[in-house]
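Okay, so here's the structure we're looking at.
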Amino acid sequence: MEVKEILKNLREKNNLTQEQMAQRVNITRQAISRWETGETQPDTQMLKVLSKEFDVSINTLLGSPRQLFCQCCGMPLSEDSMLSKENDGQFNEDYCKWCYSEGTFAYKTKDSLLDYLVTHMPNPENQNERERRKVFDYHLSQLKHWR
């Protein structure tokens, strides 16, 4: 879906007229109209405002151009409800809500996350704990948080 369609759907989903949406984000109705026709797009600052005001990620507002992955555990972040948030309510698209919440990481060390993964993740190949730990460690080491 294109940005113009996403913004129009967002407005309609919230039962807002263009005028009402413009008031909520402190811009003109004409700006909303130009977004919805595709004549212009919101700038970075306005995307942040829209994200916070309507509780959707910037990635979603832009039509999900990137596949997001938690940079702590590696889980695909396919829905906004899986994304973490900062103390101010802004989405943090780098982490899932289970690894990071309101400015705090759930796993203080990579070993603590490895302990969790070895204990809770399926083991269809019946690998021993040392082998599993090595595989998980390799994958975690590729993520921004553990580099």
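Numbers here simply count residues along the sequence, with the first being 1.
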Completion exercise
Hits for side chain to side chain contact (heavy atoms under 4.5 Å, CB included) against Q23, two or more places apart or cross-chain, chain-then-number order -> E19
Practice task
Quick one: list whatever passes side chain to side chain contact (heavy atoms under 4.5 Å, CB included) with T28, sequence neighbours left out.
Solution key: Q30, A31
Exercise for the section: Determine, step by step, whether R24 and E53 satisfy the salt bridge (charged side-chain N to carboxylate O under 4.0 Å, His left out) criterion, reporting the C-alpha distance in whole Å, the side-chain angles of both residues, the deciding distance to 0.1 Å, and the verdict. Expected result: CA-CA 8 Å; R24 272 183 75 172; E53 183 66 28; 2.8 Å; yes
To check you understand the geometry: which heavy-atom pair defines the closest contact between [X] and [Y], and what is its length?
X: L10; Y: N14; value: O-ND2, 2.8 Å
X: D88; Y: Q90; value: OD1-N, 2.9 Å
X: E86; Y: N92; value: OE2-ND2, 2.7 Å
X: S57; Y: L83; value: CB-CD1, 3.5 Å
X: D115; Y: T119; value: O-OG1, 2.8 Å

Throw together a table of side-chain donor-acceptor distances under 3.5 angstrom for residues 65-76, partners on residues two or more places apart or in other chains.
unit_1 : atom_1 : unit_2 : atom_2 : d
R66    : NH2    : E93    : OE1    : 2.5
Q71    : OE1    : K144   : N      : 3.0
Q71    : NE2    : F69    : O      : 3.2

Exercise for the section: Linking directly or through intermediates, with side-chain heavy atoms under 4.5 Å: list the remaining ILVMFWY members grouped with F105, chain and number order. Expected result: Y95, Y100
Practice task
Among Ile, Leu, Val, Met, Phe, Trp and Tyr joined by side-chain contacts under 4.5 Å, find the other residues sharing a cluster with L117 and list them by chain and number.
Solution key: Y107, L113, L114, Y116, V118, M121, F136, L140, L143, W146
Who are the salt bridge (Lys or Arg N to Asp or Glu O under 4.0 Å) partners of [X], not counting sequence neighbours?
X: K110; value: D137
X: K52; value: none
X: K4; value: none
X: D80; value: none

Between [Y] and [X], is there a side-chain heavy-atom distance shorter than 4.5 Å?
X: R133; Y: D111; value: yes
X: V3; Y: L61; value: no
X: V56; Y: L50; value: no
X: F54; Y: V25; value: yes
X: R11; Y: Q18; value: yes

Practice task
Please indicate whether K13 has more than 12 foreign heavy atoms, meaning atoms of other residues, nucleotides or ligands, lying under 6.0 Å from its NZ.
Solution key: no
Handout entry: Over 12 foreign heavy atoms within 6.0 Å of NZ, K85
Key = yes
Fill in the blank from the handout: Interatomic distance, CD1@I58 vs OG@S64, rounded to 0.5 Å, equals 12.5 Å
Fill in the blank from the handout: Output for pair (S84 OG, E102 CD), nearest 0.5 Å, gives 10.5 Å
What donor-acceptor contacts under 3.5 angstrom involve side-chain atoms of residues 124-131, with partners at least two apart or in another chain?
unit_1 : atom_1 : unit_2 : atom_2 : d
N128   : OD1    : R130   : N      : 3.0
N128   : OD1    : E131   : N      : 2.8
E131   : OE1    : N128   : N      : 3.1

Give the table of side-chain donor-acceptor pairs shorter than 3.5 Å for residues 39-46, with sequence neighbours excluded, one pair per line with atom names and distance.
unit_1 : atom_1 : unit_2 : atom_2 : d
D43    : OD1    : Q45    : N      : 3.3
D43    : OD1    : M46    : N      : 2.7

Handout entry: Heavy-atom donor-acceptor pair, T37 side chain to S33 backbone, under 3.5 Å
Key = yes
Problem - Derivation of the side chain to side chain contact (heavy atoms under 4.5 Å, CB included) call for M1 and N9 - result: CA-CA 10 Å; M1 209 184 294; N9 287 345; 3.2 Å; yes
Problem - Residue list, side-chain hydrogen bond (donor to acceptor under 3.5 Å, both in side chains) with R132, at least two apart or on another chain - result: none
